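A short worksheet on the structure shown next.
Below, read A as the first sequence line, B as the second, and so on, with proteins coming before strands; counting in each chain starts at 1. Owing to the predicted nature of the structure, the values given are computational and were not obtained by experimental measurement.
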Amino acid sequence: MTNRREFLQIGLAATALPAAGGLFSSGAEATVAPSVPTIPLYKVLFDDRFAQGKAFGDVASNLGLACHAMQAGDVTDFWYHDLDLAWRAEPKPIAGFTRHGPLFVLEHFGWDRGLRVVFRAEHHSLGGGVIEHRLSGPAESLSTAAALIPAGNDWVRLMAATVTQCAAGCSQPAERTVVTRGAASLPDDETFYSWVIAPKA
Amino acid sequence: MATLPAGVSAADFNAAITKFKAAVGEKHVFTSDEDVALYRDAYSPMWGTPQELLASAAVAPDTVEQVQAIVRAANEHKIPLYPISTGKNVGYGGSAPNLHGSVVLDLKRMNRILEVDDRRGFALVEPGVAYFDLYRHIQEKKLKVWIDCPDPGWGSLIGNSLDHGVGYTFGAFRDHFGSHCGMEVVLPNGEIMRTGMGALPGAKSWQDYKYGFGPYVDGLFGQGNFGIVTKMGFWLMPEPEAYQSGYVSVPKRHDIIALVDHVNYLEHIGLIGQPNYSSPLGRAQRNEPDLRALVGKAGGPSDEELDRFGAAKGIPSWEVELQFYGPAKTVAANWEYARERIGASIPGSTFRDGHSYRFPMTDEQKAAVEHKVAVGIPAMSIFSIGARSELNPSPTDGHLWFAPIIPKTGEAILESQRAFAKVYQEFGLNVGGIFQTPATWIYRAFVMIVGMPVSRSNKEINAKSMAAFKRVVEVAAEHGWAEYRSPPAFADLVADSYSYNDHALRRFNEQLKDAVDPNGIIAAGRGGIWPRHLRGGRKA
């Protein structure tokens, strides 16, 4: 039956990520230490089915942040048992590295509680090891990330460091596009997102 | 300010906005581009084009009295309002209006659970209550009732019900409008009305008996625009003792006819919840190049050719998952009965056990349930599986649901597969096909639903989907089928197909609209019903 669930499922099997060997080298997080006040994160969400997600979670965890690994890319457990309760008390900033679906859901949930996506990086594989990173967010965070990402293979760790130390108080987001070649790859034609959701400035 | 409602002056619009602010407080009236953009339809096939349906502003009341004040101000200044509950109806329009420039009346702040009774089995809620909210309330209070929720579970009970939304447990509960009992409505003139027994002052059975006395008017508010529903009652399913699923496979294409008849019997007599049909032979295409070649040959394969292929490979044509709810003893007996009944009737049918659960479940047990909505647990997992594929080239940009109703028979399945496949093929859309099985949410009918792809970056995909949508609505009508639900962009097209006796139904609805809402301020265009002054702009 090609119902709504199957419609979304078909093709998933063909897009499983290969093992991402050689992703993780030096701790890039130290290089993006901010010079402006940063957004204090309540929790960091990541998709631990993928090496990139695990690397992202590692950085956040090493920075002392509370992390949540999604089960099978599904935000339900995080939403029901954690975030909904937390946001009922107070809208708190969160960050993550996910595919589009979880971000789409959490962004919409966030709108209802007065939060917005304040930093969004779309990491889209163009094939052949080329990845386009479309960044939108505080200019301070973008300029640091945009300068560092092309220089090394650790773009995932750099993004983790960037979003977990995202500049606060941005009302006019800037935009940048950066391309990496031959760095830690994504499956062809696949897209992941690094993001921060925070109360509206 | 980006958009004004057609025919409304800036002076009138601003005066209305001032009154809205006085009614709900300044911070709950949204006019900035950034805020109003949140009400765009995320899956619109017209995203970023001049045809995209956009709101002009939004206002979010917290009480029924505030809704009344907004409606009175809108009437005074002839401002079109578009009420939404939580606005999560993606694929069917989200929170975007049918009429460009409408002010969205956002009811999500009205989120009180007013009553849940697990002895009489009902809930009374406001529009902002989501399935997750009611589920949490029931769990925290340890009430012995289930909700029936759609997939995903972030939407509003009232919003989903009013759009004729559907769920996944027993037929009586899967029909979310059918399982409601009693409404409170703010009428277009600002008056409050209660329906059914609620019209009786001090009623003790508002959520027990739907009809009250006299004509039953609740249907006017489902997919309609005759008022703003501010409270609604819903019947809830008693928590069962056990759940068991079982799978039945049958070998031949035409076995679907007898299989559906048996399953209908089991469902209509109350032995099973939602049956889930699928095609093992259809799934086998992924690994069987010869089958793909057979399916792709000019004119398509005959049923006999498909039967021969299936027999040679030992792959059944059809499978159905049966879901049993109730006491453990009767669940087991009902599954045994189903096996005996179908096994004696359809040669070559085979059976296997599925999942088995006992209730109440622990959190760990709930987490392990694969299809949570089948046991009344809301989930968002549907958003975790949107991978890019040939079928859905821009999954992040959404899809249009084409959801035609067909009779609940095997013959209708086989006929509609061929009829719709021809159109999809003509437009180069890789959806549907001769192995498509129906969605079975609706108790007494099938839905041959497909999601047509939408793209924000490739306008050709949108143009193709929209052209295919238009054509397939026509083809459906030629066969006596039509959609039960539609994105706003196609509401007029779908309404136009309900044309018996020179559109007598639409003309009747329009007469009612003119009488009840002479200024046409409530949800213009919803359900294909336009106020008099806007009928010239109807799209079909």
Side-chain angles (χ1 to χ4, degrees), chain A residues 1-17 47 49 70-81 83-85 88 98-117 122 124-125 171-173 187-193 200-201, chain B residues 34-35 38 42 86-88 90-91 94 108-109 128 130 132-133 135-136 151-154 276-279 282 286 363 367 371-372 377-392 395-399 401 430-433 435-441 447-451:
Chain A
M1 144 171 85
T2 309
N3 62 20
R4 65 177 71 186
R5 178 166 284 268
E6 188 168 9
F7 167 70
L8 296 169
Q9 277 176 325
I10 290 173
L12 180 63
T15 63
L17 279 166
D47 193 331
R49 292 175 299 174
M70 279 188 297
Q71 293 175 337
D74 180 7
V75 299
T76 304
D77 181 59
F78 179 55
W79 172 251
Y80 182 75
H81 291 290
L83 193 61
D84 182 30
L85 297 170
R88 280 169 193 252
T98 65
R99 291 165 103 170
H100 179 267
L103 171 57
F104 181 82
V105 168
L106 292 171
E107 180 173 21
H108 280 73
F109 274 136
W111 290 352
D112 296 344
R113 306 284 172 89
L115 297 100
R116 302 285 187 271
V117 173
E122 182 179 333
H124 179 58
S125 172
S171 57
Q172 291 294 323
D188 284 357
D189 210 24
E190 185 60 279
T191 305
F192 282 79
Y193 296 80
K200 189 180 167 187
Chain B
E34 184 200 351
D35 288 335
L38 304 187
T86 59
K88 300 292 194 298
V90 293
K108 73 167 69 76
R109 294 177 64 223
F132 275 112
D133 300 327
Y135 177 76
R136 186 185 298 286
D151 198 0
W154 63 354
N276 292 310
Y277 292 92
S278 64
S279 173
R286 294 174 198 169
D363 281 349
H371 197 208
K372 292 182 171 54
I377 303 173
M380 298 302 293
S381 57
I382 194 88
F383 286 99
S384 65
I385 53 178
R388 193 179 304 273
S389 69
E390 189 185 348
L391 185 64
N392 189 14
T396 61
D397 296 344
H399 43 262
W401 293 125
N430 188 12
V431 296
F435 299 111
Q436 186 186 359
T437 49
T440 50
W441 310 298
V447 187
M448 292 298 274
I449 190 169
V450 297

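- Ring geometry for A:Phe104 against B:Trp154 counts as tilted: the plane angle lies between 30° and 60°, on a 0 to 90° scale.
- Only the side chain of B:Lys88 comes within contact range of chain A, with at least one heavy atom under 4.5 Å from a heavy atom of that chain.
- Of the two parts of B:Arg109, neither the backbone nor the side chain holds a non-hydrogen atom closer than 4.5 Å to a non-hydrogen atom of chain A.
- By the side chain to side chain contact (heavy atoms under 4.5 Å, CB included) test, A:Val117 pairs with A:Leu103, A:Glu107, A:Arg120, A:Ile197, sequence neighbours left out.
- Contacts of A:Val75 with chain B are made by side-chain atoms alone, with heavy-atom separations under 4.5 Å and no backbone atom involved.
- Between chain B and the options A:Thr98, A:Asp77, A:Leu85, heavy-atom pairs under 4.5 Å are most frequent for A:Leu85.
- Ion pairing of A:Asp74 with B:Lys372 is absent here, as no side-chain N (NZ or NE/NH1/NH2) approaches a carboxylate O to less than 4.0 Å.
- Listed for the A:Thr76 side chain is a donor-acceptor partner under 3.5 Å among the backbone atoms of B:Met380.
- Looking at A:Asp112, both its backbone and its side chain come within 4.5 Å of chain B, counting heavy atoms on both sides.
- Distance check, rounded to the nearest 0.5 Å: CE of A:Met70 to CZ of A:Arg49 gives 7.0 Å.
- Only the side chain of B:Val90 comes within contact range of chain A, with heavy atoms under 4.5 Å apart.
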